[in-house]
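The structure appears right after this line, and notes come after that.
Keep in mind that the numbers below use all heavy atoms, side chains included, and drop hydrogens, waters and symmetry copies.
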Amino acid sequence: MTDQTYCDRLVQDTPFLTGQGRLSEQQVDRIILQLNRYYPQILTNKEAEKFRNPKASLRVRLCDLLSHLQQRGERHCQEFYRALYIHAQPLHNHLPSRYALRPMSFLAGLGLAAGLALLLYCCPPDPKVLPGTRRILAFSPVIIDRHVSRYLLAFLADDLGGF
């Protein structure tokens with residue numbers, strides 16, 4: 001996978017989040033209130049008032065909030081992403097940092113499926129060599145994502161007769 005921290009993700013996502021019309025004033029206020037009420041160690045009352053000041057523009061307040069969280073550390077950035085997910089899930093799903101993670105997840109799943117298929121293909125039919133391997137692999141689709149499990153079950157269909 002990737003070693004990208006929440007602070008790194010926030011740096012990558014800041015231009016997207018501060019873009020025109022991405023977050024409404026109500027969503028930003030809800031995020032600030034959540035960080036203040038549920039996690040007062042992340043945003044104090046004074047800081048929350050500063051970031052909710054209606055005299056400043058929404059973009060300036062949001063930029064200040066994001067830079068404040070980045071300076072405070074990993075936990076603060078993580079809680080921001082949690083609040084963003086709760087109050088603006090459609091926007092959270094389209095963050096640039098999330099698109100960077102998707103190909104890695106796909107490649108990891110593809111590598112796992114290919115490795116299991118290679119193990120099954122190369123595994124001799126003699127049960128003394130790797131006893132129970134096919135039996136264990138027969139249950140692995142329960143754990144693996146539904147897209148991979150279809151192919152693995154089709155591949156194992158011939159070997160499940162003795163199971």
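Between Ile42 and Phe80 there is no side-chain heavy-atom pair separated by less than 4.5 Å. Side chains of Thr5 and Asp8 form a contact here, defined as non-hydrogen atoms less than 4.5 Å apart. Inter-residue side-chain proximity for Leu35 and Leu69 is flagged as met; some heavy-atom pair is nearer than 4.5 Å. Considering only heavy atoms from C-beta on, Leu84 comes within 4.5 Å of Leu95 through its side chain. Counting only heavy atoms from C-beta outward, the side chains of His76 and Gln41 never approach each other to under 4.5 Å. Residues Arg98 and His92 are in side-chain contact: their nearest non-hydrogen atoms beyond the backbone lie under 4.5 Å apart. Between Leu66 and Val11, every side-chain heavy-atom pair lies at or beyond the 4.5 Å cut-off.
Ion pairing between a basic and an acidic side chain is recognised when a charged N comes within 4.0 Å of a carboxylate O; Asp29 and Arg61 show such pairing. Under the 4.0 Å criterion applied to side-chain N and carboxylate O atoms, Glu49 and Lys46 are not assigned as salt-bridge partners. A salt bridge links Arg72 with Glu47: at least one charged nitrogen is closer than 4.0 Å to a carboxylate oxygen.
Across all their heavy atoms, Cys7 and Gln70 have their closest contact at SG-O, 4.2 Å. Residues Pro15 and Gln12 approach most closely at CD-O, 3.6 Å, considering heavy atoms. Heavy atoms only, all atoms of each residue included: Tyr6 and Glu74 are closest at N-OE2, 2.6 Å. Nearest heavy atoms, Leu17 versus Arg22: O-CB, 3.7 Å. Of all heavy-atom pairs spanning Ser97 and Asp13, the tightest one is OG-OD2, 2.6 Å. Of all heavy-atom pairs between His87 and Gln27, the closest is O-NE2, 3.6 Å.
Gln34 and Glu79 form no side-chain donor-acceptor contact under 3.5 Å, judged by distance and modelled atom types alone. Counted by atom type alone, Tyr85 and Gln89 present one or more donor-acceptor pairs between their side chains at under 3.5 Å.
Here the two rings, on His68 and Phe51, have centers that are under 6.0 Å apart.
A distance of 12.0 Å separates CG in Leu65 from CZ in Arg52, rounded to the nearest 0.5 Å.
Put simply, the side chain of Tyr38 never gets that close to the backbone of Leu33: no donor and acceptor are under 3.5 Å apart. In terms of modelled atom types and a separation under 3.5 Å, the side chain of Asn36 and the main chain of Leu43 share a donor-acceptor contact.
Put simply, Val60 and Ile32 are part of two different groups of oily side chains (I, L, V, M, F, W, Y) that touch within less than 4.5 Å, one to the next. The hydrophobic clustering, which links ILVMFWY residues whose side-chain heavy atoms are closer than 4.5 Å, places Leu62 and Phe16 together.
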